[in-house]
Colleague: 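Sharing a structure below in structure tokens format, with a few things to ask.
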Protein chains: 2
Amino acid sequence: MGTFSRASAFAGDSNLKEDHVADMLTEEGKRVIRLNRGDPTVYFPTDRYMIEAYVKALKAGRTGYSNVKGVLGLREAIARRYFRRYNVSYDADDIIITNGVSEGLAMLNAALIDANDRAVIFRPYYTLYYPGIKTRGGVPVIERYMEKDGWSVDLDGLRKSLKGSRKRSKYLLITNPNNPTGTVLGEKVLKEIVEIAKDHDLILISDEIYDEIVFNGAKFTSMSRLAKGVPHVILNGASKCLDATGFRIGFMIIPGNDRISRELRDIVTGFARLRICANTTAQYAVAEGLNRNAEHERASRAMANEIGRRADYMARKVNGSGYMDVVRPQGAYYIFPRVDTNAFGMKDDLEFVDRLLKEEGVELTGGSSFGEKEHLRIVTLAPKDILELAINRITAFCKRHSK
Amino acid sequence: MGTFSRASAFAGDSNLKEDHVADMLTEEGKRVIRLNRGDPTVYFPTDRYMIEAYVKALKAGRTGYSNVKGVLGLREAIARRYFRRYNVSYDADDIIITNGVSEGLAMLNAALIDANDRAVIFRPYYTLYYPGIKTRGGVPVIERYMEKDGWSVDLDGLRKSLKGSRKRSKYLLITNPNNPTGTVLGEKVLKEIVEIAKDHDLILISDEIYDEIVFNGAKFTSMSRLAKGVPHVILNGASKCLDATGFRIGFMIIPGNDRISRELRDIVTGFARLRICANTTAQYAVAEGLNRNAEHERASRAMANEIGRRADYMARKVNGSGYMDVVRPQGAYYIFPRVDTNAFGMKDDLEFVDRLLKEEGVELTGGSSFGEKEHLRIVTLAPKDILELAINRITAFCKRHSK
């Protein structure tokens, strides 16, 4: 018997190891441009009304334990948000506040995945989905977003694969708007996914953390509007739409009165009990932030528009470089260009990213971190002058290594 | 194949279900005395200097993601605290900030426990230890704190049991000062536990979340001083000693350069990556709180002394009631009297607690929640007038049901 669990092998995340190199370069006095971190607060300071709400909650003494499912006022504010935005009615009891969406996902995996159980995710996938399943002993069934269709879902491939599988999967998880591709899925595709989930008895999980960061005329449709009748979970939180990543306030909505939904809600609440509660003061702050709707909408719209301009700018520059191709983004704040690293005499995207950082001081994330080789994820939150500097360095790097 | 994981069966925590009854009674206009929640902020508002530090961090814009292991300044402040208090030298790198101690425990279980792996805990145990092991498929090996020895460790029983076991356990977890018994373990016992851990190749985990809440002349010794040479983990946080439960800032220290300690540190960091970071602003607040040492020591000492007076008062009253016996507490803020529920015509401590709540509006926790039947946990944080009202109601209840 070894000392460590089998799960331990899957806990690491290479995505973040480059940061040590970047830190060292910075210490040596090099100016590193970090286009690897999806943290909007770096370039868009958290809005004043959110800070004020947080200070108010602190001064009101909201510093003790709170309900395991979260502060009631916050859950009610979230229910009102969904009615306002998507015209769906939720009960506060359908909502569970989590330490970020990542904790919500961990609870869902704990509730659903035993050794060798399957769950469907799509690649390129958000970095944490894969180890989330593996650390519970599960088997990720990896379906495809198709680059040639603007990273939309490969519905035929999905149907074929599910039909051919001898073992049922427990859930199907989609991300919309998408990290790392910046895609917003259309309503027609989403409706088909609901049908597929229904046909194959899959719990549908929709990670919609970027639902207010949509641009270029794209139309976002929340699964909350479409998935009625199918057991489903909506994941969201304050990190992106309220520009408050460090608050660590996520939430999940598990609506429905069918047996599966009711049990899942109870079990997830059980797992929530095992960590007592999320940061109490931040929950009051987020509740008040959501309630100050006019201010929030104004700030959120302005941020999404500006992010759209930056993302568009970077996508045009990348496509114009002659070394990479990228699908035009519609949401979130990532672009995910394809790159032929072999043309630069490199083994793969990880070598490309590593050498780009060391030689040019630009930090990106290799597509391999998202299960998609020969791609790069570029975070497009920085202002244009920084993005311009970065793309110039990237282009010079490609030119220098071009065979 | 069922829908839910085997772990799901162990996620619930009956300890908290009584709260619904208490909420209902409160809504009906009854004054419920809740002596079931270990939240000091209810009676001792979080100190002004902590609130000020939190507000300052908010206004300085500390609202983004932070390091997966935690804000460096906080980890350095914790290292200084351990040098100041216990004369041990830690590197910031030995310390990982968690969403409360509960998250630290979950990470340790994820890192160490596979299906059927064993881990040693002592009963009565803190409620979350047991499901923490079971939800990873593990087997809790339950050793004893002995009531007749003031709830000290049954060293002979422990040695015998470990020698007789065919399968090695992964870790041994002690709580000092103890929840639910209020015991502070002596240095001699702690040293023997270190020897036993060494002899049986067990990772030693010491939950010391109440290390500043010690009274009645008891002397607390931190495992950090004794466990050198044995792979060990110290669990602590801001909840109790900084009177800030709702901040959800815990930490674990994994020192040592032996192979096991190094690997454990890496693996736990890997699990920390899967949830990105703890609340960033609260980490800066706690760092400044710890750095304002003079103010902190003054506030902490005053709180511990007052809690000691209340705990002592309640223990005397309980012993004087003629219906229960309790060991004199030395730390934390719990007393754990023994009660013969059969003498009141009741089936067990859970029925006792349930009926006491409904009939008298006093909420306690049954010993069964801690693996120890025929006991009651009473939280002794409330001021004397409330404790007096509670003990009068409890005594009246016992008298009425006495056969």
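Side-chain atoms are counted along with the backbone in the values below, which use heavy atoms only and exclude waters and symmetry mates. Just so it is clear: chains get the letters A, B, ... in the order the sequence lines come, proteins before strands, and each one is counted from 1. Note that the structure is predicted; figures quoted are calculated from it, not measured.
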Colleague: Side chain, backbone, both or neither: which part of T280(A) has a non-hydrogen atom closer than 4.5 Å to chain B?
Modeller: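 Both parts, heavy atoms under 4.5 Å.
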Colleague: Is there a donor-acceptor pair closer than 3.5 Å between any side-chain N or O of D39(B) and the backbone N or O of G64(A)?
Modeller: no
Colleague: Pick one of side chain, backbone, both or neither for I203(A), based on which atoms fall under 4.5 Å of a heavy atom in chain B.
Modeller: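 The side chain, not the backbone.
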Colleague: Can you tell which part of I113(A) gets under 4.5 Å to a heavy atom of chain B, answering side chain, backbone, both or neither?
Modeller: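 Backbone of I113(A) only, per the 4.5 Å heavy-atom cut-off to chain B.
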Colleague: Answer with side chain, backbone, both or neither: which region of V55(A) has an atom nearer than 4.5 Å to a non-hydrogen atom of chain B?
Modeller: both
Colleague: Between A106(A) and chain B, which part of the residue has a heavy atom less than 4.5 Å away: side chain, backbone, both or neither?
Modeller: neither
Colleague: At a 4.5 Å cut-off on heavy atoms, which part of E263(B) comes close to chain A: side chain, backbone, both, or neither?
Modeller: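 Both backbone and side chain.
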Colleague: Check each atom of S66(A) against the heavy atoms of chain B and say whether the ones under 4.5 Å are side chain, backbone, both or neither.
Modeller: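 Neither; nothing under 4.5 Å.
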Colleague: Evaluate T98(B) against R275(A) for side-chain contact (heavy atoms from CB on, under 4.5 Å), listing each step before the verdict.
Modeller: CA-CA 11 Å; T98(B) 55; R275(A) 53 61 161 151; over 6 Å; no
Colleague: Which answer fits A7(A), side chain, backbone, both or neither, if we ask what part of it has an atom under 4.5 Å from a heavy atom of chain B?
Modeller: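 A7(A) touches chain B through backbone and side-chain heavy atoms alike.
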Colleague: Donor-acceptor pair, R273(A) side chain versus A11(B) backbone, under 3.5 Å?
Modeller: no
Colleague: Check L128(A) against L274(B) and note the closest heavy-atom contact, atom names and distance.
Modeller: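 Minimum heavy-atom separation between L128(A) and L274(B): CD1-O, 3.3 Å.
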Colleague: Closer than 3.5 angstrom, by distance alone: can the side chain of N279(A) be matched with the main-chain N or O of F247(B) as a donor-acceptor pair?
Modeller: yes
Colleague: Under a 4.5 Å cutoff for heavy-atom pairs, which residue among G137(B), A111(B), A272(B) has the most contacts with chain A?
Modeller: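 If we count pairs closer than 4.5 Å to chain A, A111(B) comes out on top.
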Colleague: Select, from T135(A), D114(A), T41(A), the one with the greatest count of heavy-atom pairs under 4.5 Å involving chain B.
Modeller: D114(A)
Colleague: Only pairs of heavy atoms separated by less than 4.5 Å count here; which of S5(A), S102(A), G61(A), P45(A) has the most with chain B?
Modeller: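 Of S5(A), S102(A), G61(A), P45(A), S5(A) has the most heavy-atom pairs under 4.5 Å with chain B.
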Colleague: Measure the CZ-OG1 distance between R62(B) and T46(A) for me, rounded to the nearest 0.5 Å.
Modeller: 12.5 Å
Colleague: I'd like to know which of D266(A), T281(A), L264(A) tops the heavy-atom pair count under 4.5 Å against chain B.
Modeller: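 Going by pairs under 4.5 Å, I would pick L264(A).
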Colleague: How far apart are the C-alpha atoms of F4(B) and K170(A), what are their side-chain angles, what is the distance that settles it, and do they pass the side-chain contact (heavy atoms from CB on, under 4.5 Å) test?
Modeller: CA-CA 9 Å; F4(B) 301 105; K170(A) 291 286 191 83; over 6 Å; no
Colleague: Below 4.5 Å, heavy-atom pairs only: which of N99(B), I276(B), I51(B) has the largest tally toward chain A?
Modeller: N99(B)
Colleague: Do the side chain of T63(A) and the main chain of A244(B) share a donor and acceptor less than 3.5 angstrom apart?
Modeller: no
Colleague: As an exercise, state the distance from CG of L58(B) to CE of M50(A), rounded to the nearest 0.5 Å.
Modeller: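 Between L58(B) CG and M50(A) CE, I get 10.0 Å after rounding to 0.5 Å.
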Colleague: Contact part of A278(A) toward chain B, heavy-atom cut-off under 4.5 Å: side chain, backbone, both or neither?
Modeller: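 Backbone only.
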Colleague: So which part of E52(A) gets closer than 4.5 Å to some heavy atom of chain B, the side chain, the backbone, both or neither?
Modeller: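 Contact with chain B: none, neither part.
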